[in-house]
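Please read the structure below before turning to the comments.
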Amino acid sequence: MQTRIRVIDGSAGPRPSRAGRPLAAAAVLLTGAVVAVALGVYARAHHATGRPLATFGFSGTIQMKVWLSSAALVLVLVQLLTALWMWGRLPGRPKAPVWVATLHRWSGSVAFVLTIPVGLQCLWALGAGTGTGRVLLHGLAGCVFYGAYAAKMVGLRSRSLPSWAIAVLGGTVFTLLVVVWLTSAAWFFASDLPLT
Ligand code: HEM
C-alpha cells in the first residue's frame, strides 16, 4: 500500500529504514514554520500599500481575489477526492486508475498557482489585518497555508516519511485553504458587494 501511494505521488522506490524519519520530519516542520513565519513577519512589518497589483480582467481586485480563490477551492476539493480515491477510501471505487494521480497533481499545482496573485495582493496591499477575529484568522490561515504547502512539497520528496505524514500534510493544506476561503470569499458572497 505504502509503495503504491509513493508510486502515485511520483516518489517510487523502496523505503529505507526509519532512521531518517526524525531528520525528515524536522526538515518538513522547519520548512513550514520558516515560510509561515516569514510571511507573517512581512505582513506585519511591511506598510500595506492599499493599491491593486493586477485584476486579470476582473472588474476589481476584490472580484479577482474572490473568484480566483473560489476556483482554487474547487480544485482542492478535486484534490481531496482524488487523494481519497488513491488511498482506496472512496466508497465504491477501490482502485484508482493512473490518471487519478495526474489529476491530483495538476489540480493541486493549478490551485496553488491561482492563490499566488491573491495571497500576494493580500500581503502587499492589505497586510496583516487584526480588526476582527475573522480578518485575523484569515491572515494567520493564509500564512500557515503557504507554510503547510511548502512542508508538503518537502515531505513528498522525502523517502523517510511514512505515508500517513503525507496524508496529514495534504489534509492540513486542504483545511487551511477552506478556512482562508470561509474567512474571505464566502464572507464577500454573503455581502452586498458586486461580485462581477
Ligand atoms: C491562500 C492565500 C490567501 C487567499 C486565497 C486570500 C484570499 C482573500 C480574499 C478572497 C479576500 C477578500 C477580498 C478582499 O478583501 O480584498 C481577502 C481579504 C483579505 N486578506 Fe487574504 N488571502 C490569502 C492570504 C492572506 C494573507 C497571507 C494575509 C495577511 C497575512 C491576508 C490578508 C487579508 C486581509 C487583511 C483581507 C481583508 C479582509 C477584510 O477586511 O474583510 N490574506 N483575502
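Each ligand, and each atom within it, is numbered from 1 in the order the structure gives.
- Side chain to side chain, Thr115 and Tyr146 meet the donor-acceptor criterion of an N or O pair below 3.5 Å.
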Present, as a list of atom pairs with distances to 0.1 Å, all nitrogen or oxygen contacts under 3.5 Å between ligand 1 and the protein.
| residue | atom | partner | partner atom | Å |
| --- | --- | --- | --- | --- |
| ligand 1 | 16 (O) | Lys65 | NZ | 2.8 |
| ligand 1 | 20 (N) | His138 | NE2 | 2.8 |
| ligand 1 | 22 (N) | His138 | NE2 | 2.8 |
| ligand 1 | 41 (O) | Arg134 | NH1 | 3.3 |
| ligand 1 | 41 (O) | Arg134 | NH2 | 2.8 |
| ligand 1 | 42 (N) | His138 | NE2 | 2.9 |
| ligand 1 | 43 (N) | His138 | NE2 | 2.7 |

Sequence neighbours left out, cut at 3.5 Å: what donor-acceptor pairs do the side chains of residues 30-48 make with other protein atoms?
| residue | atom | partner | partner atom | Å |
| --- | --- | --- | --- | --- |
| Thr31 | OG1 | Ala27 | O | 2.6 |
| Tyr42 | OH | His46 | ND1 | 3.3 |
| His46 | NE2 | Trp124 | O | 2.7 |

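- Once rounded to the nearest 0.5 Å, the distance linking CG of Leu123 with SG of Cys143 reads 6.0 Å.
- For the side chain to side chain donor-acceptor pair (under 3.5 Å) test, no residue two or more places apart in sequence or in another chain qualifies with Ser69.
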For residues 167-186, run the donor-acceptor check on the side chains, cut-off 3.5 Å, and write out each pair with its distance to 0.1 Å, sequence neighbours left out.
| residue | atom | partner | partner atom | Å |
| --- | --- | --- | --- | --- |
| Thr172 | OG1 | Val168 | O | 2.6 |
| Thr175 | OG1 | Gly171 | O | 2.7 |
| Trp181 | NE1 | Ser70 | OG | 2.9 |
| Thr183 | OG1 | His138 | ND1 | 3.2 |
| Thr183 | OG1 | Val179 | O | 2.7 |
| Thr183 | OG1 | Val180 | O | 3.1 |
| Ser184 | OG | Val180 | O | 2.7 |

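- Atom CG of Leu53 sits in a crowded spot, with more than 12 heavy atoms from other residues, nucleotides or ligands closer than 6.0 Å.
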